[in-house]
Every structure is written in structure tokens, then in C-alpha cells.
Amino acid sequence: MENYRLVSVKIKGFRGFPEQAGEREFRFDQACTLIVGAQGGGKSSTLNAIEWCLFGKDVANKSATKIEERKNWLVKNQSSRETTVEVIFEGNGEILKVYRSDRKRRGNPKFYYQINNGLCHEDEAELRVLLGVELSDYMSCVYLHQETISALLIQEPKERKNALDRLMGLTDWRNLLDGIKRAKAQEEFKKVDQEFGQIISKIETAKAIKENDLGLAEEEAIFHDIPLSQLSLNGAKAICQGVENAVENFAKDYGLLVPSLPKYQTSDDLERFVDAAKEAIKQLRNAQPDWERQKELLNQQSELNRLKANVETKVMELNQKENEIHQLEAQYGMLPEILAKKNKIEQEELPAKQESINSINNRAGIIIETLKFLKSVQEYQAQNCPVCSTPINPVQLRQELESWQQDMALQLKPIQKEIRALETAVEEFQRLIKTLERLQRERLDKDKGLQQAKNAIAVALETEINDSAHALALLNQAITEVDQELARIRTAVEQSNQRIDSIDQDLENIKRIITVLRYRQEVDNLFSIQDCPEYKEVEAAKADLEAFCDRLLTIGEAVQEVLGNSAKEKIDATRAAISSIYRQLAHRSDFPDIEIDPDKYEVMAVGYGESEVALRLLNKGDINCAALSIFLALATSEQLTHNIGFMVLDDPSQNLDPVHKERLAQVLDQVLEKKQLIIATSEDDFVEQLSFKLTKPNKLYRLGQWTPTRGPTIEANG
């Protein structure tokens, strides 16, 4: 089968190619196409556009591509509204066109492929079947990235195995084996087996618990005098019949409506019967005449006792107020007497005392003025009285006046004391008057309250009331009559309640039998679980799962053997090619060869009968040579399973010195015998070596200065 080769790529709005610059086209009409330019100039965008057109959004995923820089990778050019890529392939006598856009336009799908301009197919999976390649295979077998080189030699063994499997076309086998391992069927079966065992354990535990509950329920029933022989549906039905008869007889005896009770033929009927019968006897209890009369008498008794307590309280409160008034009157006299005493003090005694003080104060004022005059006269100087012109001795007169002043002060003190006593007496009389007036008002209120209480009794007893004693006597007589009738009614109610209580006890016994029957059914159900079809199905499914796990284990071992044998075969088949390319690239004298250990998937450096892990002794350039050798040898192997007839090399000469670059150019000329090459590089010396070493026609695109609005300039040669 002829593999598909690249014909052209048209790009617009993808990463380094802004939409404003229009559609940019690259044609791959030679065996080798070189895309040359500085870093950041659009080379990788050209290569990445091909894989995005084929595989879509997965190319912007680090886990899908195994390329670190693809984390948070942007596909669309930042200044563009839409991204479109069209790739044309040729192979098997067909022209294959693949188109992808990040926007869906009316009438045009976002993705489609055509063969010979025929129908548009939108199924991406079908395209991958047609090309025989998935993204993971493309990133290992077709597209050489520096991180692919790292995966072949430097990454963890798992990543190295994945990379080598893809290169050798063993991805499906590896995925199948990994899928079997990830399924962890044996572990899952152990979990299922444990869960099944737990189910059995729970069933046995539930059996023990329910059997214990059943035993306790039976003991409870026997304790309440239910014979063991009656712990059955028929026994419960017999008690139901007795309850039904008792309810009917009770209703008829008291002239009440006979309640309608449900049937009780099955176990499910019993609970409904009990609930309905409970409600029926509740209604009968409340509706019986003696019960109603008892409630009336109890209410009447409560009301009479309340009226009695009320009138007794009112009498007590009135007596208390009268006693307080009598005590005050006995001590201080009647209110008019107290008012007369108060008025006499205020109108006679206090004014007289005040007059005496005023007389003394008037004389004292004259004496004070005279003393002031005498103090202004010189001692021992005779003077005439300014009033009567009688000669006076100032010293002698001052002494006499001062003596009089002292006498008047002594006269004032007892009078002032008497006045204070009289004022205190007036205040006491005023307080007493207010107290008596308040008590008399309160006595009137209490008397009015007592009258209202007596009126309430008169209304209740429908008779006239003379006084408090009469009211209490009538109340006591009425209360005695009610008590006597209540005693009679209580006896009748107790007798009817005993009949109802007996019915209620029968209903409780039915409930106890229901509990026993329910536990028996639950025990029977638990014992029948392992015989039911569902349990048998689960048991059979567990056996099927166990057999499946055994088969899966056998398949996994077979896949492991096939994978190992296939890897050995392909490694053996490409051993010479890998060694040949490595010899041409590295030219090491101590370890001239490399080979892949098919068991450990380690790349080994080999020399003169010795081998060592390549990573331990090779320098950076030789490691790159080893990785390139493996990639190129396996990617050009005749045993490849995909239908891609080209290889994409992104900066393959990185970390190589000039001599290695020259040798790599010569090796790539040999690769052109089998594959179309698209090579991107920023190293002019490598381009120069390719121009010397490549013997087949080649074409060169030189990408110049890049700007945000037009992207890179593009010059085509060849």
C-alpha cells in the first residue's frame, strides 16, 4: 500500500499566522522541504498546523502529546477571529483533503475530509482509521520533537516504553495490556468476593437478631396471658371477633351508634382493624351519657368551688380592711375627732406660739440696734438718750442690754421646741387622715367586690342572696349535692370504662400477635433469601466474574508474551539499522554501537563485548545521536502499521556540533529513499550541510521577520 505524502498546507489565523495576513500556503512538491527561520518566526506553527488539522484540540493537551510546552497552549492567533487549516495528501492514487476550523459557519462543518473532491466526511475517527494513526503514534512515529528524543532516553521507563512501543507500532498491544492492568480485575473480584461474604454475614446476623426479636415478642405475649397456640392469624382473628362483639354490645347498651369496623381476614388487615377499633372505642368512651354527665358535673363542681373561694376571699379582704380601720380609730379616734384636733393646733395653738416668738423677736431687735449705737459711743463718756434726752452711762447700759438679750434667747428655745412638736403633730394627723381615707375607700371597693361575688352566686344558684353567710351556706349545700351525684356517676363511668379497657386490652393483645407474626415472616424471608432467584443470579454472576478474571489474567499473560515477542522481533529487525545510523552519526571508538534491551526497554551503549546504559556514559551530543538513530530507524521500518509517508523533524540538529550535523544531513539523505521529509531548523550551518548532502530534489521556505499583523515573510526556493 502506498503511504500518504504531504502535498500542501494552507494556514490562516493559526498561532504565528494572523488572519489579517490572509491565507498562507506551503507546497511540499519535492522529496524534502526545508522550513528555515529564526526562533519564534513561525516554523513550528507551520508544522503544528498539520497535526491540529488532523487531530484537533488534543494537540493542545500536554498529557495527549507528552510535550511540556503544550500546557495551556493557544491554537488561535491572538489577533484573529477564526483559525482555518487545510492539508492536502496524495497516496494510493487518491487526493485526500482535510479541513478544520475553530468556528462553524452556516453550511460548512468545522471539520471534514474529502477523497478526490467527493463527499465531505465529518467523522474524525474514520480519518484516523484511513491514515492508520492516532495522535500518540503521530507524535512518536511521524513528528520528531526534542521532547520525543528526551522520552526515548531520558524519561522514566514507562514513558520510554510508550515511546518505543509507538515507534515500533506496538501501541495497540501496549494499550491493551495497560488496560488489562488498569482494570485490576483480580483486585476487583476480591472486593466483590468480600462484599458477597459480607452480604452472607449480614444475612446470618439479621437471622440471629430477628430470631431473638421473635423469641422476645413471644415471651411478651405469653406474659400477657396469650396462649402460645393463639399466636397465629386464626388466634388474632378470634380476638378480633370478640372485640367486634364487645364494641357492638357496648354501643347498644348505652344507646349509641354502633361503629363500623373493617374486615380482618389477612395479616395486613389486622393493623387496620386495630387502628379502627382504637378510634371506635375512643369515640364510644367520649360519647357515653354518664361520661358526658360526669364532665358536666366536674365543670359545675369546679365553678361552685371557684365561686366559694371567691366569696370567701372577698369576705376576708373586707374584714381585713375593717379591722385596720377599727385599730386606727381605737388608737386615735374617729376621723372627725382627728380633723378637729388637727384644726385646733393649726388655728389656735400654733398662731399663739408664733405670736410669743414675734414679741420676743421685736424686743430683741430694739436691743440689737441699741447695742450697735452704744458700741459707737466712747467708753466712760456720758451721753443723753437720743429718744428722751435722759443722761445715760454707756457701759452700764450695754451690760444691762446684753443681759436682757441672753434672757430673751433662753425664753425662745422652749417656745420653738413647742412649735416643732405641734408641727410634728399636724404632720402625723395629716398622715393618719390620709390613711383612714384610703382604708375607707378600699373598704368600699372590697364591699363592692363582695357584693359582685354574692350576685354571681345568686345567678349561678338562681336564688336571692341575703348576706355572705347565706351565700356560703347555699354554696356548700350545692357543692354537697354535686359531690353526691358525682360519686354515683363515677361508679357508673368506672364500670363502663372497665368494659372499654377490657376491649382495649384485647386490642393490645392483637398488636402483640401482629408483632409475633411480623417477626416470623421476617425470619422466614431471611431464610428464603439464599433460595430466591435474585440471590442465585448474584451467585452465578460472581462465579462468571471469577471465570472472567481468570480468562483476563490468561489474556494479559498472552498479550504480555505477544508484546514482548513482537518487541524483540522488531528490535531485532531494526537492530542493524539503528546501529548503522548511530555509527554514522556518533563515530565513537569505545562504544561504537547502541541497542535496545527488549526486556528492560533500556538503550544500551555497546562496545567490544561490553554494554552499559547509554545515559550513564554518553555525552549530550551522543545521546541525541542515539535518540535520532532509534527514531529514524524505527520510523522508516518496513513493519510500520500506519499509512503516513512523511516525517516531520522539528529542529533535529539541536545540541549537535558541526560534525554531527554534517553526518545527520548524510543520514537524512538515506531516509529520503523511504520517506518524504519536512524539516524545520533555525541553524544555517545545518541548512548548508543539507544543501551539500541531499541528493534528491528539495525545496526551501525561508521565514523572515515576524510581525503581529502579517506574521512572517515567506520566500520559497526550489
Side-chain angles (χ1 to χ4, degrees), residues 63 156-159 161-162 165 170-223 226 228-236 266-272 510-567 599-601:
S63 62
E156 294 298 321
K158 180 180 177 181
E159 296 298 328
K161 281 186 177 182
N162 289 336
D165 283 341
L170 300 176
T171 303
D172 290 341
W173 288 107
R174 174 64 65 185
N175 291 341
L176 178 58
L177 182 61
D178 289 344
I180 292 173
K181 290 180 179 178
R182 283 195 302 271
K184 298 180 180 178
Q186 293 294 332
E187 295 179 16
E188 294 301 321
F189 174 74
K190 287 181 181 178
K191 292 179 183 178
V192 170
D193 191 45
Q194 289 174 355
E195 291 174 0
F196 192 76
Q198 290 172 359
I199 291 172
I200 295 175
S201 176
K202 287 179 181 178
I203 292 173
E204 295 301 323
T205 301
K207 286 179 184 177
I209 292 172
K210 293 301 179 183
E211 285 179 327
N212 182 65
D213 291 340
L214 174 59
L216 293 175
E218 290 176 342
E219 290 177 6
E220 172 75 7
I222 293 170
F223 177 78
I226 304 174
L228 190 61
S229 60
Q230 203 173 14
L231 296 179
S232 64
L233 177 58
N234 289 333
T266 67
S267 297
D268 294 336
D269 295 337
L270 294 178
E271 290 191 12
R272 288 191 291 271
I510 295 172
K511 289 172 66 176
R512 293 184 179 97
I513 295 174
I514 291 172
T515 301
V516 170
L517 295 178
R518 185 175 69 249
Y519 283 138
R520 284 178 181 173
Q521 184 61 50
E522 290 175 354
V523 170
D524 291 342
N525 290 340
L526 287 169
F527 273 92
S528 65
I529 285 177
Q530 290 171 298
D531 295 325
C532 71
E534 292 82 0
Y535 184 89
K536 296 296 184 183
E537 288 178 9
V538 173
E539 200 170 37
K542 172 178 166 289
D544 291 343
L545 178 60
E546 184 176 15
F548 171 77
C549 290
D550 291 340
R551 289 196 301 273
L552 194 61
L553 181 62
T554 302
I555 292 170
E557 292 172 350
V559 170
Q560 179 72 58
E561 185 175 357
V562 170
L563 183 61
N565 292 336
S566 298
D599 297 320
K600 299 180 180 179
Y601 273 64

Nearest 0.5 Å, please: how far is [atom2] in [Y] from [atom1] in [X]?
{"X": "K181", "Y": "Q560", "atom1": "NZ", "atom2": "CD", "answer": "5.0 Å"}
{"X": "K202", "Y": "Q198", "atom1": "NZ", "atom2": "CD", "answer": "6.0 Å"}
{"X": "E211", "Y": "F527", "atom1": "CD", "atom2": "CZ", "answer": "4.0 Å"}
{"X": "K210", "Y": "T205", "atom1": "NZ", "atom2": "OG1", "answer": "12.5 Å"}
{"X": "I199", "Y": "Q530", "atom1": "CD1", "atom2": "CD", "answer": "10.5 Å"}
{"X": "I514", "Y": "L231", "atom1": "CD1", "atom2": "CG", "answer": "12.5 Å"}

R520/E218 salt bridge by N-O under 4.0 Å criterion: yes
Taking the basic N atoms (NZ, or NE/NH1/NH2) and the acidic carboxylate oxygens, is any pair closer than 4.0 Å for K190 and E187?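 Salt bridge: no.
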pair [X]-[Y]: side-chain heavy atoms closer than 4.5 Å:
{"X": "D213", "Y": "T515", "value": "no"}
{"X": "E204", "Y": "K207", "value": "yes"}
{"X": "K184", "Y": "K191", "value": "no"}
{"X": "V516", "Y": "I226", "value": "no"}

Which atoms form the tightest heavy-atom contact between [X] and [Y], and what is the distance?
{"X": "I203", "Y": "L526", "answer": "CG2-O, 4.0 Å"}
{"X": "S232", "Y": "I513", "answer": "O-CG2, 3.6 Å"}
{"X": "C549", "Y": "A185", "answer": "SG-O, 3.4 Å"}
{"X": "I180", "Y": "G556", "answer": "CD1-CA, 3.8 Å"}

Counting only N and O atoms by type, is there a donor-acceptor contact under 3.5 Å from the side chain of N565 to the main-chain atoms of E561?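 Present.
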Is the backbone N or O of Q521 less than 3.5 Å from a side-chain atom of N525, with the two atoms forming a donor-acceptor pair by type?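 Judged by distance alone, yes, a pair lies under 3.5 Å.
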Who are the side-chain contact (heavy atoms from CB on, under 4.5 Å) partners of F196, not counting sequence neighbours? I200, Y535, V538, E539, K542
Are D531 and S528 close enough, and set up right, to give a side chain to side chain donor-acceptor pair (under 3.5 Å), and what steps lead you there? CA-CA 5 Å; D531 295 325; S528 65; over 6 Å; no
